[in-house]
Every structure is written in C-alpha cells, then in structure tokens.
Amino acid sequence: MKCRVCREPAVIDVRRHNANFCTEHFLRLCRDQVGKAIDEFGMIARGERVLVAVSGGKDSLAVWDLLVELGYDADGFYIGLGIGEYSDESGSYARAFAEHRGLNLLEVDLPGDYGYDVPSGARAARRVPCSACGLSKRHLFDKAALDGGYDVVVTGHNLDDEAAVLFGNTLRWQSDYLGRQLPVLPARHGFPRKVKPLVRLAERETAAYCVLRGIDYIVEECPMADGNKHLGYKEVLNALEVASPGTKHDFYFGFLARASERFRPEAEAEQDDLHPCAMCGAPTVAEVCAFCRLVERAGGRGSVT
Ligand code: Q46
Ligand code: ZN
Ligand code: ZN
C-alpha cells in the first residue's frame with residue numbers, strides 16, 4: 001500500500017477517494033478538505049473570531065486543531081454536562097488539549113452554573129436525555145458566542161454525522177429540519193453564525209487525524225447515547241458505504257446541491273416567528289424559551305442572564 005502522492009508506505013486507505021496516504025499527505029488531505037469546505041460554503045472569513053464547541057471527543061478536538069493549523073483565531077468552549085465519569089473524563093481531555101497547545105478554553109458547568117445536570121434535567125422536563133442535552137448545548141453555545149463577541153460557532157459534525165441526520169430527517173420527511181440542515185447557518189435573529197468545517201471528512205478520518213497528530217480524546221461513547229437513533233442510521237450507512245464507497249458523500253452533497261433549497265421556505269417561515277424570551281432574551285417562538293423552561297422544571301438557577 002503506497003501513498004498516492006509520494007509513493008512512500010501508506011498508513012491509511014480512503015476508499016471514497018480511491019487512494020492511500022502516508023502520514024504527511026493524509027494530514028495535508030484533512031487540512032485541504034477543511035479549507036475547501038470553509039471556502040466552498042463561505043464559513044469563516046480571515047480575521048474573524050471563532051468559538052469551537054469542544055466535547056473532548058475526536059471530532060471537536062480535530063476541528064479545533066485543524067482551524068489553528070489553518071491560521072484561524074479559534075478559542076474553545078466546553079460545557080460540563082454532569083454525566084458522571086463521562087463528563088469528568090471528557091473535560092480533562094479538552095483541558096489537556098488546550099493547555100498543551102496554549103489555547104484558550106472557556107468553560108460552563110451545568111451543575112455548578114445552572115444547578116442541574118443532563119440526567120436530572122431530562123427527567124424533570126420529561127425529555128429524552130439527548131433532547132435536554134442538545135437544547136442546553138445550543139442555548140449555551142449561542143450565549144457564549146454572543147457574550148464573548150465571537151463571529152462564528154464551529155461544531156465538529158463530520159460527514160457521517162450529517163449523512164445520518166439527513167437519513168433520519170428524510171425517512172420522516174421532516175421538511176423544517178431538512179431546510180435547516182446546512183453546513184452554514186447564517187447569523188440572524190440573535191443567533192450567531194454556525195458552521196461545520198468537517199463535512200468533507202468521515203468519522204474514520206477524524207479519528208485517524210487525532211491518532212496521527214498525537215491528540216488524546218475520549219473514546220467512550222456518552223452513556224446516554226443508548227437508543228439514539230442516529231447510531232442505527234450510521235450502521236445502515238456504513239453497510240452501504242462498504243458496498244459502494246462514496247455513498248455517504250453523494251447522499252449528503254447531492255442533497256445540498258439539488259434538494260436543500262426546496263425545503264428552505266418552511267425553515268424560514270419558522271424563523272420569522274422568533275422573538276426574545278421573556279426570561280433570558282434569547283430568540284424563541286414561545287413566550288419563555290425551551291432552555292429557561294428546562295432550567296425551571298429541573299429546579300435549577302441562572303436562567304435570567
Ligand atoms: S452528549 Fe448529550 Fe450527546 Fe450524550 S446526552 Fe446525548 S446529546 S449522547 S452528542
Ligand atoms: Zn505521501
Ligand atoms: Zn430563555
């Protein structure tokens with residue numbers, strides 16, 4: 001197995017590109033793919049301040065590393081979700097990464113700062129844990145970006161994540177979600193711009209990137225992920241990808257090129273109904289936003305900021 005670029009021994013095969021790469025040229029491929037996604041979709045302009053949502057997992061640490069390598073001014077933002085040992089461990093990977101590279105990591109702790117954790121918040125709000133978790137994270141990312149004067153929030157969603165979410169949304173024809181499933185969500189109605197620079201890299205590639213760059217990350221899945229439908233969708237797509245490399249890429253990028261526009265009006269109609277939450281001022285369609293309601297039901301505090 002030889003590197004496509006230099007013919008030296010390869011360390012990884014990327015069947016989607018029908019090619020093998022040595023360490024140096026694989027790392028270059030990852031940087032090129034991220035650079036290409038940023039340019040293609042107009043994700044980040046030079047000189048903008050970037051806030052990377054960091055979980056301590058491979059994708060978020062890889063995207064932070066890649067953005068710094070590409071010369072962007074990127075700080076990290078970590079949320080302690082209060083999910084037992086998983087949170088303790090993931091926080092220490094995020095901190096170790098930032099410390100080792102001299103990068104700035106902002107932190108919020110749900111139990112310490114808001115008086116609830118994901119398991120108790122989910123029970124109190126009668127939501128599944130990933131729903132309570134997702135809405136808490138979205139709210140806190142937006143708030144951290146706006147409070148800190150950042151231009152853009154980066155998340156570590158990769159090609160596998162986006163293809164799996166698209167698969168789920170398509171199975172149910174969730175047209176409002178389909179209209180918003182874009183690699184860039186522009187800033188508006190009090191939300192910062194949100195971008196996904198890893199959409200051109202598969203999960204296996206971000207894991208390989210971390211290993212080859214010496215980035216330690218939390219390998220265990222979140223214990224609350226059990227029963228998460230996206231894991232099942234990923235398995236189905238992985239089977240299709242083995243039989244036909246490039247399937248995930250074609251599914252997702254074909255959607256962006258040929259179908260996503262058609263769902264835009266529904267997603268935009270929903271945005272038009274937004275107004276400030278009576279408690280925290282964040283944009284919402286209800287009187288009080290879902291985050292403030294969750295904090296209140298969970299018996300927490302700190303929603304009025
Ligand atoms: S952290 Fe949160 Fe994930 Fe855990 S509770 Fe679900 S959403 S699985 S990215
Ligand atoms: Zn090479
Ligand atoms: Zn609110």
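For the numbers below, each heavy atom of this structure counts, side chains included, while hydrogens, waters and symmetry mates do not. Just follow the structure's listing: the first ligand is 1, and inside any ligand the first atom is 1.
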- Query: Taking 2.8 Å as the cut-off, does an N/O/S atom of His139 lie below it from the Zn ion (ligand 3)?
  - Reply: no
- Aromatic rings His139 and Phe291: how do their planes relate, parallel, tilted or perpendicular, breaks at 30° and 60°? parallel
- Message: Between Gln181 (side chain only) and Glu162 (backbone N and O only), is there a donor and an acceptor less than 3.5 Å apart?
- Response: yes
- Note on the structure: Heavy-atom proximity to atom 4 (Fe) of ligand 1, picking from Cys130, Cys222, Ser136, points to Cys222
- Query: Among all protein non-hydrogen atoms, which one is nearest to atom 2 (Fe) of ligand 1, and what is the separation to 0.1 Å?
  - Reply: Cys133 SG, 2.2 Å
- Item | Protein contact of atom 3 (Fe) of ligand 1 - nearest heavy atom, named by residue and atom, plus distance | Lys137 NZ, 4.0 Å
- Message: Any non-hydrogen side-chain atom of Glu48 less than 4.5 Å from a side-chain atom of Arg193?
- Response: yes
- Is it possible for you to check whether Arg46 lies under 6.0 Å from the centre of the six-membered ring of Tyr72, through NZ or CZ, and within 45° of that ring's axis? yes
- Arg200 to Phe253, cation-pi by 6.0 Å centre distance and 45° axis angle: yes
- Could you grab the angle centred on the Zn ion (ligand 3), going from SG in Cys277 to SG in Cys289, to 10°? 110°
